[in-house]
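Values in this document were obtained by computation on a predicted structure and should not be read as measured data. Per chain, numbering begins at 1; letters A, B, ... match sequence-line order.
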There are 2 protein chains.
Amino acid sequence: MGGDHGPDIVVPAAVEFLDKAKDTLLILVGREERLRPLLGDKARHPRLSLHSASQEVGMDEPPSKALRSKKDSSMRVALDLVKQGRAHACVSAGNTGALMATARFVLKTLPHVDRPAIMTAVPAVNGRTHMLDLGANVDCTAEQLYQFAVMGSELVRAVDGLQAPRVGLLNIGEEEIKGNEQVRQAHELLSRSSLNFVGYVEGDDIYLGDVDVVVCDGFVGNIALKTSEGVARLLAHRLKAHFNQNLLTRLSGLMALPVLRAFRKEVDPRRYNGASLLGLRGIVVKSHGGADVLAFENAIHIARKEIQSNIPERIEHEVAAHFVVPHLNLSSVVAESADPLSGTAAAGQQQRAIA
Amino acid sequence: MGGDHGPDIVVPAAVEFLDKAKDTLLILVGREERLRPLLGDKARHPRLSLHSASQEVGMDEPPSKALRSKKDSSMRVALDLVKQGRAHACVSAGNTGALMATARFVLKTLPHVDRPAIMTAVPAVNGRTHMLDLGANVDCTAEQLYQFAVMGSELVRAVDGLQAPRVGLLNIGEEEIKGNEQVRQAHELLSRSSLNFVGYVEGDDIYLGDVDVVVCDGFVGNIALKTSEGVARLLAHRLKAHFNQNLLTRLSGLMALPVLRAFRKEVDPRRYNGASLLGLRGIVVKSHGGADVLAFENAIHIARKEIQSNIPERIEHEVAAHFVVPHLNLSSVVAESADPLSGTAAAGQQQRAIA
């Protein structure tokens, strides 16, 4: 089990999760001798099982090396279980690059998807905003940005229940003259698509909530997300320092403690932990490497929601509708498109997620 | 006068500035009939003069159009005054694209500088961080990123008085395997340079302050900056909402008011308003279009500091040292390099800035 803390975080998060999600089975993949002591008598939990894996992928290990030489890593074994239909989703706090490369290799991408993308939700003044790609794809073509938009829009439709999520394209100016070549071309494609495309949005729009899906390449998305974390940390640090200045300010901080706690809880990034790898023939959720128990548990809940919503299947249909036969009506598209995942998450059936 | 508010902001900011900076003359460029009523009896201020310009550049006007058809815009006339040596700096809240295009056309870039860059300072946990480019250059070569690093480092040396500013290259991973082609090549160039290059930094490092200059292309830099504004606004909005929830929380907010005010003042983005256009044969400072009086005044103070530090001259020398004769020692470089700006800001002489 990867991440900065491995089983020490994943095991208690799994136990917490099982208490809340009574319809889900969990398979913990890793070294049994590490997992059993952490589980204690929870090891006999009826909805929990262990699956052995003898290796781990290092957080700084090059993806290609992990793929080649770590065939019994917890990451690889968990993805193999999804591939074999023995699990419906994989949740990992491990090395992002290795997870993406291994997931692509094991699960394969959906038909007509060039490259999978990583998506997450962030809080906004009005509701929340989803953003992709967050680092899987450094350079993207206009067509790939369009694919991200389709996948992201479909996930938001499924998970947040919005009829027509508003899709924005991240750019440096709202005027159509700005931006780089790929972004301008993507604007063209999206304008002509059936998506609810609202045009260009800028960095500050991400946190306004006037758009549901923000599309960008992985380089820009990753930097926007990390920058956001940095700003939030700076502001928290400064606010704390101001309240700690002297006895009087400390006292006023004490008075304001319930408010400050409620505020902190609301904007807690752990509540948004869990990024979805979209465009694969299976569900994979990436937890932040430094996630704690609450944060990792949140990532498992995201995987569960995606199982319930049949995300890969829905995305496959949607991508086909946009990229294969855009001029046929939807019913004929559905009839034509093969569905390798049908049955993996049939309604009413007990569902599984793997940590 | 451009910006979202024009002379209504610029005029009072100029008056405030003159009260504080007794060594500086200001020339207000714009429609006299608009400026005089706003100035009142300050129009007779001994260190203030008016210079007429009959046009304005619209905030959404394409730069090429502004350049072609607005030859008597306040922006163009102010830059002409700098070009003619009648002023030492131009401060504008106008259309960024038009300002950059007009400044390049009127002032020209320094020798060996491919493209000017826009730089600003942001607050950090430790001190402050400078960042460039912020939107002047959407796609950048590795060589251009290296030039930005040289210019940014020299500005920080001059203005913040640091001997060897730590320069970081913005990327999506600290490992050397990540990032796009240009960024990887720029890493090579910077590693071999005489700059104090600390390697790759990520988005969250911008606000830590373990690096003095963060280098990136304008697309990424602009999005990082705007995203930061968005996060800060979201957090302020949520914090306020929590304190406004009910009578009790309002009361605790009242108790905490001095602390909250001090905090707000410290992280006030207006205190960081004013982005420098680097690489030109003259000083140009861009104020945020939506700047208020305090923010615009701050931008004029930045221009004044750059005049005092002979920024264009220093950057010219430094760029020559890196890109022309990197193997000669500095004294011979200085002797060789022509200096079109010498004398424009001689010490002791009264200095000017144009708004």
Minimum heavy-atom separation for [X] to [Y], with atom names?
X: A:Lys226; Y: B:Ile172; answer: NZ-O, 4.3 Å
X: A:Val259; Y: B:Ser252; answer: CG2-OG, 3.6 Å
X: B:Val231; Y: A:Tyr207; answer: CG2-CE1, 3.3 Å
X: A:Val183; Y: B:Phe219; answer: CG2-CZ, 3.9 Å

With a 4.5 angstrom heavy-atom cut-off, could you sort out which part of B:Pro258 is near chain A: side chain, backbone, both or neither? neither
Spacing of B:Leu234 atom CG and A:Asp204 atom CG [to the nearest 0.5 Å]: 11.5 Å
Got a second to check how far B:Asp139's CG is from A:Asn180's CG, nearest 0.5 Å? 5.0 Å
With respect to chain A, which residue among B:Leu254, B:Leu208, B:Leu170 yields the maximal number of heavy-atom pairs within a distance under 4.5 Å? B:Leu170
Picking from A:Met255, A:His242, A:Gln245, which has the most non-hydrogen pairs under 4.5 angstrom with chain B? A:His242
When A:Leu257, A:Thr249, A:Leu239, A:Leu248 are compared by non-hydrogen pairs under 4.5 Å with chain B, the top option: A:Leu239
Part of A:Leu260 within contact of chain B (heavy atom distance under 4.5 Å): side chain
Considering only heavy atoms, which portion of A:Arg264 lies under 4.5 Å from any heavy atom of chain B: side chain, backbone, both, or neither? neither
Do A:Asn222 and B:Glu202 have side chains that approach each other closer than 4.5 Å (heavy atoms only, starting at C-beta)? yes
Could you tell me whether the side chain of A:Ile223 reaches within less than 4.5 Å of the side chain of B:Ile223, counting heavy atoms only? no
Is B:Arg261 atom CZ crowded by more than 12 heavy atoms from other residues, nucleotides or ligands, each under 6.0 Å away? no
Is a side-chain N or O of A:Arg238 found less than 3.5 angstrom from the main chain of B:Ala124, in a donor-acceptor match? yes
